[in-house]
Number of protein chains: 2
Amino acid sequence: MKKTIYDIAKHAGVSIATVSRVINNTGRMSDETRKRILRIMEEFDYLPNMHASALTGKKTNSIGVIVPDVSNPFFGEIVKFIQLFAEEQGYTVIIGSTDYHPEKEANYFSLLKQKSVDGLIMATSVDSDESLERLQEIVDDNVPLAMLTHDRMPFPMDVVTIDDSMGGYIATNHLLELGHKDIVFVTGSQTMTSFRDRIKGARQSLEHNGVEFHESQIIKSHFSIEGAKEDIGQYLETHLPTAIFAVNDVFACATIQAARKRGVKVPEDLSVVGFDNTVLAEVTDPPLTTISQPKADMGKQIVRMLVEAIEGKKTSKSKIILSPELIIRQSTVKPEAQV
Amino acid sequence: MKKTIYDIAKHAGVSIATVSRVINNTGRMSDETRKRILRIMEEFDYLPNMHASALTGKKTNSIGVIVPDVSNPFFGEIVKFIQLFAEEQGYTVIIGSTDYHPEKEANYFSLLKQKSVDGLIMATSVDSDESLERLQEIVDDNVPLAMLTHDRMPFPMDVVTIDDSMGGYIATNHLLELGHKDIVFVTGSQTMTSFRDRIKGARQSLEHNGVEFHESQIIKSHFSIEGAKEDIGQYLETHLPTAIFAVNDVFACATIQAARKRGVKVPEDLSVVGFDNTVLAEVTDPPLTTISQPKADMGKQIVRMLVEAIEGKKTSKSKIILSPELIIRQSTVKPEAQV
DNA sequence: TAAAGTTAAGTAAGCGCTTACTCAAATATA
DNA sequence: TATATTTGAGTAAGCGCTTACTTAACTTTA
């Protein structure tokens, strides 16, 4: 039932070596033979057993992608683009979603090593000792690495990010320009370097504009939208700023909902800025002013770099920093306009 | 650098057969030997080469999952749950997103066959000849299949769905109970059996309530949110109903936006019901009345069934139909309340 | 036209593992 | 104590492929 290279060879009246040569398009051989073999492969619906070829050291044509959470639309969209471009280049994608758990991340590293992926894209902040140890093994195997949306490099690797710090800066600038002075920041796990940078940029903006900053202006929240609503809601009980900048759209949506639940109107009583420009920003009420990341471009660039590294067309590492963009919708207004 | 079973065997002073036995926990052997070998494997960070073991016919501990679009929050969430439960059972997940393209679907079947996945979960409607042909090969290999969210079975397989028809029914009933008579339905590709069933249920509800139905009450839209906005907007130019039932939340959000763009207010001028209860429904303006699918439960059940089939604990096929639930938010009101 | 070079294709080793078969030593049975 | 049985572990074939090496049949070259 199962077709092997032997079946093809037998039917073509050649040796398996010849068949292997046409599979890999290597060696010399008469055009006639090659065509005949191709025809027979077609006819038999023959697909080479990739475990056998991987065992001999060939590429597996697969790349691993590790993201914190596929169900976050930002990563959902990113993954979709990565998959699209990887496919164009003839690679399959194996996705791991870590739920922000370092152990899961470490497990994925082991797993992807076992699956012998040809390269690895990471969109998580790899910091746990366990993860780094596992990643080290992958590095030892000379598997190319690329990091997306983070700019920390535990090992030499290609990087694609946006300028998160600038993103935080322009978001905050936008609020300051509107006239807000009392701005609060919502962020998540501080291990996410992208979040840290966004906050850093925000603080720089405050500083440049001569507005003071206190640690108490930061809400550190949990990751689920429900958890975030809770955390933000509690904060709002004690202090109601005129504007909030959240480090991603999920938090921004949570902010809007937490505010609404307490009778605080967005944007009249509270302006909100998000980050990522996901579908959530388009759809939420009010539509969210947010910082856009060029997701398609990011996906394309990272796949391009990784594939070049895999195929040996590129030996040095590079870093691509794309620009974030402010998308003004209706969740931000001047504080004068507030009730 | 690379550790093989030979390295472990040599260091343990045993044959590779013995090492293999401890890896697979088979055969008999003194406790002492087993422990010693385990310790050495640990020390060497040894992971068996899965291509080698797959080559001998062992399971790969991976399952394929095919969805139409990972960036649709409904599938993003579903995939997340599938991944979670699969992992608990010791399986990796290889995800394919087809963008509703039959050729991509067919490609994924080939690919997953090559990767020799142990089982396959499909959340797409498999109809193209090409896809069915490729799927046939997978069936011939006795790979267990499970279908999610669809209830069409090109081959014998396990199924988990909700009762889509009932979902359409209760959504429409809700609108009728509010007093709407002029209801329009937004749907997508008719190859999606789930969409067809939702519309079917809607029509049944109309019929039971003595409300007439015309084909012109159906808007067939494209899949991207932008395309849908366009399609729905055009329809609204010619006819403005008092309520719209969209077969998923993405279409419902598109409806709200298309309406808003034309100055039609939701819910005052137009009530909207969605389907799926994704994060979009929570977040959109106004929050969406929608039909909820128990995604976590669906993910859990389908993984459970598939794994049981893979591990031979289950030979007959079964079908699990879960109940949809109406979640009333603020996008639906009585037409009397309309302007 | 004989020696040298090309060309098309075959032979066989090896990738890292599993497993049926084998075997010697230890233990049980009569 | 002689024989049968169990136990722990090794031997070697084979999974489906790739590829270095080899070979036989042609072509060139001088």
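For clarity, every value in this text was computed on a predicted model and none was experimentally measured. A, B, ... follow the sequence lines: proteins, then strands. Residue 1 opens every chain.
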What nucleotide among D/dA9, C/dG16, D/dC17 has an atom nearest to a side-chain atom of B/Ile5? C/dG16
Between B/Tyr46 and C/dC17, is there a contact of a side-chain N or O with OP1 or OP2 at under 4.0 Å? yes
B/Glu105 bridged to B/Arg134 by N-O distance under 4.0 Å: no
Would you kindly give the CG-to-C1' distance between A/Asn24 and D/dG16, to the nearest whole Å? 13 Å
Should A/Lys80 and B/Asp69 count as an ion pair when the cut-off is N to O under 4.0 Å? yes
Strictly below 4.0 Å: does A/Ser15 bring a side-chain N or O up to OP1 or OP2 of C/dG10? yes
Rounded to the nearest angstrom, tell me the gap between atom CD1 in A/Ile16 and atom P in D/dT18. 9 Å
B/Arg21 (side chain) and D/dG10 (base): donor-acceptor pair under 3.5 Å: yes
Which sits closer to the 5' end of DNA chain D, A/Thr4 or B/Ser30, going by the nucleotide each is nearest to? B/Ser30
What is the distance, to the nearest angstrom, from the CG atom on A/Leu55 to the C1' atom on D/dT19? 14 Å
Determine: side-chain N/O of A/Thr33 to OP1/OP2 of C/dA9, distance under 4.0 Å, yes or no. yes
Donor-acceptor contact below 3.5 Å, side chain A/Thr92 vs main chain A/Asn61: yes
Between A/Asp158 and A/Lys319, does any NZ, NE, NH1 or NH2 come within less than 4.0 Å of an OD or OE carboxylate oxygen? no
For A/Arg36 and C/dA8, what is the distance between atoms CZ and P respectively, to the nearest whole Å? 14 Å
Heavy-atom nearest nucleotide on DNA chain C taken for B/Ala17 and for B/His51; more 5' hit belongs to B/His51
Is the distance from OP1 or OP2 of C/dC15 to the nearest side-chain N or O of A/Thr56 less than 4.0 Å? no
Quick one: is D/dT18 close enough that its OP1 or OP2 comes under 4.0 Å of any side-chain N or O from A/Ser20? yes
Measure from NZ on A/Lys58 to C1' on C/dG14 and round the result to the nearest Å. 16 Å
Counting only side-chain nitrogens and oxygens, does A/Asn49 get under 4.0 Å of the OP1 or OP2 atom of D/dC15? no
Evaluate whether atom NZ of A/Lys300 has more than 12 neighbouring non-hydrogen atoms of other residues, nucleotides or ligands under 6.0 angstrom away. no
Remember a base hit wins even if backbone is also touched, and classify B/Val14 as base, sugar-phosphate or nothing at under 4.0 Å, heavy atoms. sugar-phosphate
In whole angstrom, give the distance that lies between atom CG of A/Asn25 and atom P of D/dC17. 17 Å
How long is the line joining NZ of B/Lys10 and P of D/dG10, in whole Å? 15 Å
Euclidean distance, atom CE of residue A/Met50 to atom P of D/dC15 [Å, nearest integer]: 19 Å
